[in-house]
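I have placed the structure first, in the form of structure tokens, so that the comments after it can refer back to it.
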2 protein chains.
Amino acid sequence: MPYIKIKICIFNSTGFPVIIYVNDKVLMENVTLRILADKLNLSVTTVSKALRDSYEISEPTKQKVRELATALHYTPNAYARSLRTGKSETIGVVLPEVADHFFALVINGIESVAKTAGYHVLIYLTHEDYNREKEILEYIRKGRIDGLLISVTKETTVADHITKFAPENIPVIFFDRMMEQVEVPKVVTNDFESCYQATQHLLDSGCKQINLCTISDNLIISKQRIAGYIKALQDNNIPAGKDNILFCREDDNSYTQIYNLLKSENRPDGIISLVDKLTLPVYIASEKLGLTIPGELKLVSYSNNPSAGILNPSLTTVSQPAFQIGQTAAKLLISSMGSKRNQVLNEVTVIPSNLVIRASSGQKTN
Amino acid sequence: MPYIKIKICIFNSTGFPVIIYVNDKVLMENVTLRILADKLNLSVTTVSKALRDSYEISEPTKQKVRELATALHYTPNAYARSLRTGKSETIGVVLPEVADHFFALVINGIESVAKTAGYHVLIYLTHEDYNREKEILEYIRKGRIDGLLISVTKETTVADHITKFAPENIPVIFFDRMMEQVEVPKVVTNDFESCYQATQHLLDSGCKQINLCTISDNLIISKQRIAGYIKALQDNNIPAGKDNILFCREDDNSYTQIYNLLKSENRPDGIISLVDKLTLPVYIASEKLGLTIPGELKLVSYSNNPSAGILNPSLTTVSQPAFQIGQTAAKLLISSMGSKRNQVLNEVTVIPSNLVIRASSGQKTN
DNA sequence: ATGAAAGCGCTAACAA
DNA sequence: TTGTTAGCGCTTTCAT
């Protein structure tokens, strides 16, 4: 016997399917409050209130409504609700890059909080491009998000595109890469202190000449780290100059630069790497040159890479509280979205980084 | 003279600010089509059509409308438009983890395509938790997204939560971690072939006994890689058994397991690591045991880590086309959202992985 | 305790 | 070429 399938679709005025029958069985029905109301002989208002557990509605009615709603898999239409209430239960996250362990962990933190609080997370990547950042903010400023978390690009120097969110009543919070001149809350880590601490640690381990390796950039966080490094040296009466800082431009061959540094006459006996990706080059260059770590060269690196402990020798790191930064920023944002039209203050939350001492800095074996 | 600031806000019925005056200057006005229409003595319809460059509207009118719109920074209200059209210009991405270089690159690929096509990207993380995946899909099924890109958790074995999207007319596409039984397009890489190729490569380099190292899991992609490995051995008349596969459970100390393997009587002379994070342990264990790579042990690893080339010796990798997978999946999704109610076919797009031969597998010096 | 009516801002069918 | 009208699905007064 041949199988005959009859499918009937009923569309609404917009051309959207409302009911689909397949062989007389209702396959899908776009369940709205209206439909629930009709089936129960109630008004839309009552159903709406019942589902939101209003005190105005009697218990038996609520019961009936809830039952039917779950039976028909009712889910409120997000657009309609948002249009009416002006809220979207969505927070926007704008950041330079997601293929970076630090930012990835921040996103995890944000997402965990958002999920718990019932918020959705829209993510936009700037790829360190200021124009793209501007474009994105323009694009999401109206109606898509209830709040914004942002970590600016290295290029960002003016903040017009960010301050525009205030009049829209969309709270903004900076995380990690903030702009001092914008009066919104900021969640950052203690870059000055952590680098001061790292420097002091190397000095305590016996280093006489410590170099900094970084990628050239304009970020406040880099400047603060450098300042912390210089301050620590000064406090120990060691002259510090710009020539002790190695800027490895991203497009250059950073390995060669590091190799040359370690090969030179006055090579350092201590290195602080401000970025993760310069760590491996230091290890390999040292091995090539027969320099032992931590014997002849001590190393500390900013890193959130879980393989730090497994390197040989294990790597002393300054590890940033990425997950907590994300969590904290998200919590602050969500609570400031709750308070109606109360612009939150220009407060800075500092979550300290951890100096995790392992073998590469010489105070611990293995 | 004291500075007096007078701020007047006018709210609409919902309690939202419509106009804000500060000292008689309009600071903000929630610009809608209605406001544009009133100021220009036109109807809302005309303005709407003009802004969408309709052929029905005269050029001078369009001109006027556009001018005022940009002058007042008009942006259409996304909720209202979505409610009316049933489209949100948003695609949802559900995946296990973002702090994983592979997935991070996939997201970059998706985002690049979405951005170009004018789509927003909602990201949800499952953290390998099936229940969370189910919850998330339930949560976004109504009205938030126009299309879904998903890579399932290791735990996911049933697909009810995914098939529910078809009747909502929301196209779904799998990327990387797909489910064979669900009839939607899939974008994957050639796991069987790539592992076959890696195995053959090691055999060609002179290996007699090749072991596989992986984390125990149920993913199809892992099974396919293992199958490819076994097939290659068979094709070379080498017996292959499960005992040549080392399962490093995530919670165990994988380093110790690898160390013991390399220390044992019948240690392998070739290793294929199916996951990035087992690479460094192999390097370190070899060094501890005085085994030279590639002399006594040849190594290939699945990895998207950019530092593969910088390891010593440089690491031969199977690198997955993560970015392209993201791009392709997003393109397919967007094109299938364009075609009205035409369910796309159950097609599988395979984007091949690359075997990047470097020093660790012995066919290349340096 | 329940319901009628208005309207969020937009688009689309249908006049004029 | 422009305007009138209706309505997407929901929440929120304000009756009843």
Side-chain angles (χ1 to χ4, degrees), chain A residues 10-18 29-38 40-65 69 72 74-89 142-144 146 168-169, chain B residues 10-19 29-38 40-65 69 72 74-89 142-144 146 168-169 340:
Chain A
I10 301 176
F11 301 98
N12 68 14
S13 67
T14 324
F16 256 65
V18 176
E29 181 170 6
N30 192 2
V31 191
T32 65
L33 285 185
R34 181 68 207 285
I35 287 177
L36 296 180
D38 285 357
L40 291 166
N41 269 325
L42 287 168
S43 77
V44 173
T45 313
T46 308
V47 175
S48 169
K49 284 177 180 166
L51 287 174
R52 274 171 302 134
D53 202 25
S54 163
Y55 66 96
E56 296 174 287
I57 306 298
S58 73
E59 205 43 59
T61 308
K62 283 183 188 172
Q63 199 83 30
K64 279 194 302 181
V65 172
L72 298 185
Y74 168 77
T75 324
N77 181 306
Y79 311 141
R81 175 175 282 175
S82 294
L83 177 57
R84 187 58 234 254
T85 61
K87 294 282 161 202
S88 60
E89 267 117 50
K142 270 282 169 48
R144 277 221 131 80
D146 295 346
E168 302 283 347
N169 260 302
Chain B
I10 300 177
F11 300 98
N12 68 12
S13 68
T14 324
F16 255 66
V18 176
I19 307 185
E29 180 168 5
N30 192 2
V31 190
T32 65
L33 285 184
R34 181 69 205 286
I35 288 176
L36 296 180
D38 285 358
L40 292 165
N41 271 323
L42 287 169
S43 78
V44 174
T45 314
T46 307
V47 176
S48 170
K49 284 176 181 166
L51 287 174
R52 276 170 303 134
D53 202 24
S54 163
Y55 65 96
E56 296 174 289
I57 306 299
S58 72
E59 204 44 58
T61 308
K62 283 184 189 173
Q63 200 82 31
K64 277 194 303 181
V65 171
L72 298 185
Y74 168 77
T75 327
N77 180 306
Y79 312 141
R81 175 176 282 174
S82 294
L83 176 59
R84 187 61 234 253
T85 61
K87 294 284 161 201
S88 59
E89 269 118 51
K142 271 282 168 50
R144 278 221 130 78
D146 295 345
E168 303 283 348
N169 260 302
K340 288 192 180 181

Please produce a list of atom pairs where a protein N or O lies less than 3.5 Å from an N or O of nucleotides 1-5 of chain C.
from  : atom 1 : to      : atom 2 : distance (Å)
C/dA1 : OP2    : A/Tyr55 : O      : 3.4
C/dT2 : OP1    : A/Thr61 : OG1    : 3.0
C/dT2 : OP2    : A/Ser58 : N      : 3.0
C/dT2 : OP2    : A/Ser58 : OG     : 3.2
C/dT2 : OP2    : A/Thr61 : OG1    : 3.2
C/dG3 : OP2    : A/Ser43 : N      : 2.9
C/dG3 : OP2    : A/Ser43 : OG     : 3.4
C/dG3 : OP2    : A/Thr46 : OG1    : 2.6
C/dG3 : O6     : A/Lys49 : NZ     : 2.6
C/dA4 : N7     : A/Thr45 : OG1    : 3.4
C/dA4 : N6     : A/Thr45 : OG1    : 3.0
C/dA5 : N6     : A/Thr45 : OG1    : 3.4

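In this model, the phosphate group of C/dC8 is not approached by any side-chain N or O of B/Arg84 to a distance below 4.0 Å at OP1 or OP2. Between A/Arg34 and D/dC8 there is no side-chain polar atom (N or O) within less than 4.0 angstrom of OP1 or OP2.
Rounded to whole angstrom, the span from the CG atom of A/Leu33 across to the P atom of D/dT12 amounts to 12 Å. Following rounding to the nearest Å, B/Arg81 (CZ) and D/dG9 (P) show an atom-to-atom distance of 18 Å. Rounded to a whole Å, the CG atom of B/Asn77 is 13 Å from the C1' atom of D/dC8. Rounded to an integer number of Å, the gap from A/Leu51 CG to D/dG9 C1' is 13 Å. One can place OH of A/Tyr79 at 13 Å from P of D/dC10, the figure rounded to the nearest angstrom. Rounded to a whole Å, the NZ atom of B/Lys64 is 14 Å from the P atom of D/dT1. Atom CD in B/Glu89 sits roughly 14 Å away from atom P in C/dC10 (whole-Å rounding).
Remark: B/Thr46 pairs with B/Ser43 by the side chain to side chain donor-acceptor pair (under 3.5 Å) rule, at least two apart or across chains. Applying the side chain to side chain donor-acceptor pair (under 3.5 Å) criterion to B/Thr45, with sequence neighbours excluded, gives no partner residue.
Candidate nucleotides D/dT12, C/dT11, C/dC10 were compared by shortest atom distance to the side chain of A/Ser48, and D/dT12 ranks first.
In this structure, CG in B/Asp146 is found 5.0 Å from NZ in B/Lys87, a value given to the nearest 0.5 Å.
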